[in-house]
Amino acid sequence: MTPDAVITGCGVAAPNGLGREAFGAALRSGRSGLGDLVSFDASDLGRERAGEITSFDATPWLRAPKNYLDRNSALAFAAAEMAVRESGIVWPCLDRGHGVSVGTMAGNMESLSAFCARVAEKGPKLAPPFLFPHAYYNTTAGLLSIEYGLSGPHGQFCSGGAAGLEAVLFAAEAVRRGRAEAMLAGGVEAFHEKTFRLAVARGWVSPSGGGAESCRPFGAGRNGTIVGEGAAFFVIESEAAARARGARVLARIAATATAATAGEVYAAVLRQGDAPEAVFAAAAGSREADAVEGEAIRAAVGATTPVTAIKGWIGETFGASGPLALAAALAGLEGGFLPPCVPGECAIEGLQLVKDGWSGNPNSALVAAGGPGSGTWCAVILRR
Amino acid sequence: MSNANDRVVVTGMGAICCLGQGVEALWSGLVAGRCGIGPLRRLDADRHRIRHAGEAPLPDGAGSGVDPAVQFLSAAGAEALGQAALDGDARRRTVVVFGTNFGAMGATERLMRGEAPAAALAGEVAREAAQRLGLDAAQTTISLSCASGNAAIGWGMDLIRSGRAERVLAGGYDAISEVVWAGLCSLRAMSATALRPFDRRRDGTIFGEGAGLLLIESAAAARARGARPLAVVRGYGTSSNAFHMTHPDAHGEGMVAAMRAALRDAALPPEAVDHVNAHATGTPPNDRLETAAIKAVFGARAARIPVNGLKSMLGHAMGAASALEAIACVMTLREGLIPPTIALTDPDPDCDLDYVPLRARRAAVRVALNNAAGFGGCNSTLVLAREEG
C-alpha cells in the first residue's frame with residue numbers, strides 16, 4: 001500500500017487574482033484578468049489583448065532580498081511562498097530531504113532574451129556573466145531549492161502546456177514512493193514578447209483566421225487563445241506526514257496520468273480512479289484542440305458531468321496552466337462551487353459546460369493540461 | 001522498489017559525441033583512451049574566449065536548417081530504436097523523455113532575432129525529434145542542466161514502473177551554439193588547456209555536445225517480443241545542494257544524497273556497487289567534493305572501487321553527458337572493461353581514489369553507479385546492473 005499524496009498549501013499569481021482566495025473569488029464571480037496588452041507594442045502582430053499581471057511585485061513574498069529575479073522566477077517565488085505559508089510547514093529544513101519540482105514551457109525568457117541581446121550587441125567575449133545563470137530552464141527550481149532548503153528530489157519539466165502538471169506528478173510520485181515526505185511543486189510562465197511572438201507564429205493566438213480577439217474555450221466561433229501569465233505552487237506531502245504535523249489537508253491526489261493525446265489521458269486517468277464529479281479542461285479556445293478535447297471528455301465522463309475551462313478568464317499560461325487549473329479546482333472543492341466558463345454558446349455537442357451561478361458541491365475534480373508546445377498531456381483527479 | 005514485476009531493462013542504445021557517431025565509435029574511443037576534444041569549428045572560434053570543445057560531428061542525412069540538437073537526437077534515436085529492433089506499433093508507441101540544458105539554442109537564438117523557427121523551445125525539440133523518428137506517443141522534456149541525462153532516464157523508468165509507459169526512449173542531448181558558448185565561457189569554469197579530472201593541475205572543464213539515448217522497457221515487454229536485454233536500470237535519485245546556483249556545497253552533500261537515493265530506489269546496499277562512473281568535470285571543487293562524496297557513501301571500500309572520469313575524453317557534453325556515460329556503464333557491465341580517466345598523471349592529494357588512470361582495465365562489474373551534477377546545484381545518479389541470465 002503506497003502512501004497517499006495530499007495537498008496542504010496552495011499559492012497563486014494569476015491575471016485575475018494574487019493569492020488563491022482572490023483567484024477563487026474572481027473565478028467564482030466570472031471576473032476576467034484579460035485586458036489590453038501593455039508590456040510591449042504588438043501592433044505589428046495585429047494583437048492587443050493579453051492576460052498580464054500588471055504592477056506585479058514579488059517583494060512581499062521574498063524571505064531574503066534578491067538583487068535580481070527573472071519575471072518567471074519572481075512569479076514562482078510569490079506563488080511558492082503563499083503555498084508554504086498556508087501549509088504551515090517549517091522550511092528551510094535541509095536535513096529533511098524535502099524536494100521541489102517546477103514546470104515551465106519557455107523558462108526564464110526575460111534573462112535569456114537580455115543575454116542574447118548583449119551577446120549580439122557586444123560580442124561573445126563581453127557576454128555578461130551575471131545574466132546567464134538566470135537564463136536556464138532550471139534556474140527557478142534551483143533558486144527555490146536554495147530559498148527553502150529543499151535538498152531532496154528535484155525536477156524541472158519543460159513539456160509545453162503539460163509541464164506544470166508533470167511537475168505535480170513528479171512530486172506526487174516522490175511522495176508515494178517514499179522518496180520525500182513533502183515536496184514543493186508547481187508551474188510558472190511569465191508573459192514575454194518572444195514567447196508571445198512565437199505563440200502568434202505557431203497560430204495559437206486569437207484571432208487566427210479572422211474574427212474578434214477573444215478566448216472562448218469550447219465556444220462557438222472560437223479562433224485561438226489569448227496569452228496570459230501566472231504561477232501556481234503547492235505543498236504536496238504524504239498523508240501521514242501531514243497528519244503527524246496536524247496540517248489541514250486541502251485535497252488528495254487520487255489519480256494521475258500522462259499520455260500523448262487528450263483522448264488517451266482522459267481515458268487513462270479514469271482507469272485509475274472513480275469518475276470525477278467535475279472536469280477542469282485544458283481547452284484554450286483553439287478551433288481544433290478544443291474539439292478533440294471535448295470529444296475526449298464526452299467519451300470519458302459522459303454528457304452529464306459538468307465541464308469548465310478557466311482559460312477564458314486568464315488566457316493560456318502554458319507551463320502554469322495545469323497548476324492554475326488545479327488551484328481553481330481546489331477552490332471549487334473547498335468553496336462548493338464550479339467556476340463558470342466565459343459566457344457564450346457551447347460548440348461541442350453533448351458537453352455540460354458550467355454556466356454562471358452553478359451551485360454544486362463537487363467532491364472530486366479531474367484537471368487536465370496539455371496542448372501547445374509539446375506532445376504531452378497530463379491529468380490529475382483531486383478528491384476532497 | 002525493484003522486483004521482477006517492475007524491472008526495467010535496456011534493449012537499445014544510440015550515441016553521438018565528439019568521439020564520433022554511434023555507440024561503437026563512443027566505446028572504442030573510450031577504451032582506447034582517445035580524447036575527442038579539439039578545435040571549436042562550428043562557431044567562429046576567434047570570437048570566443050575558449051576555442052576548443054568536445055564538438056560532435058553533424059550526422060549525415062539531416063537537411064540544412066535543421067538544428068544540430070534535433071540532428072543529434074535523430075541520429076542517436078534511430079540507432080537505439082534500431083538496436084532494440086523495434087518496429088510497427090511497438091516503435092510508434094514509444095514514449096520519449098529527453099533531458100537537456102538548452103533545447104535547440106540555435107533555434108531559440110533565431111527566435112530572439114525575430115524569426116519563428118521550428119522547435120524553438122525545448123518541449124518542441126522533443127516533438128520534432130519524435131516525429132522524425134516516427135514516434136507518436138507522449139514526449140516529455142526534463143531540464144536538470146548538466147544532470148539532465150540521468151534524470152530523464154530515471155523519470156522514464158518511473159513511467160514504466162508505474163504502468164504509464166511500456167517502453168521509453170530516454171536520455172539527454174545538447175548542442176553548442178553561439179549563445180550557449182558565450183554563456184558557458186562567461187561562467188569562467190572552462191580550462192584553456194585540457195580537462196584533467198582529479199589531477200593536481202586541473203583548472204576547469206571543457207564543454208562539448210551530442211546525444212545519448214537508451215531504449216528502456218519493462219522486462220516483461222522485452223521478453224514478450226523476444227528482445228535481448230543489455231542491462232537493467234535498477235534505480236535513480238535526484239537531489240539539490242540547496243546551497244548556491246554555481247558554487248558547490250562545502251562537503252558534497254548533494255552528491256551523497258543523490259547516490260544514496262539511487263541506491264534506495266534500486267533496493268541495493270552500497271556494498272553491491274562495483275564501479276562508479278563519476279561526474280568528474282575537471283573543475284577544482286567538483287572532483288575534490290565528488291571524491292569526498294564517494295567516500296561518504298562507500299566508506300573504507302571507496303578506495304577499492306574503480307572510479308572513472310570520462311569527460312577527460314568526451315568533454316562535458318552538458319545534457320548528453322550522463323546519458324553518454326550511462327551507455328558507457330552498460331558497455332562496462334557487458335564487456336567487463338572499464339574505460340580510463342585520461343590526462344590524469346599527477347593526482348591531487350585530495351583525490352585519492354582508484355580512478356583507472358590512463359588505461360582501460362579488465363574487471364567484472366555487476367553493478368555500476370553513474371553520477372551527474374549540474375548548474376543550480378542539482379544532482380542525479382543512476383544505478384545500472386548486469387542482466388543475469
Side-chain angles (χ1 to χ4, degrees), chain A residues 92 94 97 99-100 105-107 112-113 115-117 119-120 123-125 127-129 132-133 135-139 141-143 145-146 148-160 162-163 166 170 173 177 179 194 197-198 200-202 257-260 264 268 373-377, chain B residues 1 47-49 95 101-103 108-109 111-114 116 120-124 126-127 130 136-145 151 155 158-159 162 164 178-179 181-183 185-188 237-246 253-254 257 261 264-265 374-379:
Chain A
L94 259 176
V100 59
M105 178 181 77
L112 182 61
S113 153
F115 183 80
C116 288
V119 170
K125 284 181 185 163
F132 194 63
Y136 278 64
Y137 280 104
N138 69 318
T139 296
L143 290 172
S145 79
I146 294 166
Y148 295 109
L150 301 173
S151 57
H154 196 74
Q156 168 66 61
F157 291 82
C158 311
S159 324
E166 273 191 303
F170 178 91
E173 192 80 1
R177 289 184 177 271
R179 291 171 182 155
K194 298 302 180 188
R197 288 183 180 277
L198 186 72
V200 171
R202 295 281 186 264
T258 61
E264 288 171 12
S374 89
T376 295
W377 279 76
Chain B
M1 219 24 95
R47 285 166 52 77
H48 292 272
R49 288 172 178 274
V95 168
N101 275 269
F102 301 115
T108 312
E109 286 165 38
L111 172 68
M112 297 302 176
R113 293 197 296 267
L121 302 175
E124 296 182 314
R127 168 175 260 183
D136 66 4
Q139 299 120 23
T140 285
T141 297
I142 288 179
S143 186
L144 239 54
S145 57
W155 183 242
D158 271 350
L159 292 178
S162 60
R164 295 195 182 105
E178 178 91 347
V179 159
W181 205 251
C185 290
S186 81
L187 297 175
R188 303 291 196 276
T238 56
S239 73
S240 171
N241 300 341
F243 177 70
H244 191 278
M245 292 301 276
T246 50
E253 285 149 359
R264 256 197 321 275
D265 193 48
F375 164 83
C378 51
N379 308 282

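Throughout, protein chains are lettered first and strands after them, A, B, ... in sequence-line order, and every chain is numbered starting at 1.
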Please state whether the side chain, the backbone, both or neither of [X] comes within less than 4.5 Å of a heavy atom of chain B.
X	value
Ala268(A)	neither
Tyr148(A)	neither
Phe157(A)	both

If you count heavy-atom pairs under 4.5 Å with chain A, which of [options] comes out on top?
options	result
Glu124(B), Arg113(B), Glu178(B)	Glu124(B)
Leu159(B), Thr108(B), Asn379(B), Asp158(B)	Asp158(B)
Arg49(B), Arg47(B), Arg188(B)	Arg47(B)
Gly183(B), Ala257(B), Ala116(B)	Gly183(B)
Cys185(B), Ala137(B), Ser186(B), Ser162(B)	Ser186(B)
Gly123(B), Gly254(B), Ala122(B), Ala242(B)	Ala242(B)

Does any heavy atom of chain A fall under 4.5 Å from the side chain of [X], the backbone, both, or neither of them?
X	result
Ala261(B)	neither
Trp155(B)	side chain
Ala126(B)	neither

Notebook entry, point to check: If you count heavy-atom pairs under 4.5 Å between each of Pro153(A), Ala201(A), Gly160(A), Ala163(A) and chain B, which one has the most?
Noted result: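 Going by pairs under 4.5 Å, I would pick Pro153(A).
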Note to self: Tell me the closest heavy-atom pair linking Arg164(B) and Thr258(A), and the distance in Å.
What the structure shows: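 Here Arg164(B) and Thr258(A) meet closest at CD-OG1, 3.7 Å.
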Check: How close do Asn101(B) and Tyr136(A) get, heavy atom to heavy atom, and via which atoms?
Finding: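 For Asn101(B) and Tyr136(A), the tightest heavy-atom pair comes out as OD1-CE2, 3.2 Å.
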Ignoring hydrogens and angles, tell me if any N or O in the side chain of [X] forms a donor-acceptor pair with the backbone of [Y] under 3.5 Å.
X	Y	answer
Asp136(B)	Gly375(A)	no
Thr376(A)	Ala138(B)	no
Ser159(A)	Thr141(B)	yes

At what distance, to the nearest 0.5 angstrom, does [atom1] of [X] lie from [atom2] of [Y]?
X	Y	atom1	atom2	answer
Phe132(A)	Thr246(B)	CZ	OG1	12.0 Å
Met112(B)	Leu198(A)	CE	CG	10.0 Å
Ile142(B)	His154(A)	CD1	NE2	11.5 Å
Met245(B)	Ser145(A)	CE	OG	7.5 Å

Between [X] and [Y], is any pair of side-chain heavy atoms under 4.5 Å apart?
X	Y	value
Gln156(A)	Ser145(B)	no
Phe375(B)	Pro133(A)	yes
Val119(A)	Glu109(B)	no
Leu121(B)	Tyr137(A)	yes

Check: Is there a side chain to side chain contact (heavy atoms under 4.5 Å, CB included) between Cys378(B) and Asn138(A) once you walk through the steps?
Finding: CA-CA 9 Å; Cys378(B) 51; Asn138(A) 69 318; 3.8 Å; yes
Item checked: Flag for Glu166(A)-Thr140(B): side-chain donor and acceptor within less than 3.5 Å -> yes
Check: Can Ser151(A) and Glu253(B) be said to form a side chain to side chain contact (heavy atoms under 4.5 Å, CB included), step by step?
Finding: CA-CA 9 Å; Ser151(A) 57; Glu253(B) 285 149 359; over 6 Å; no
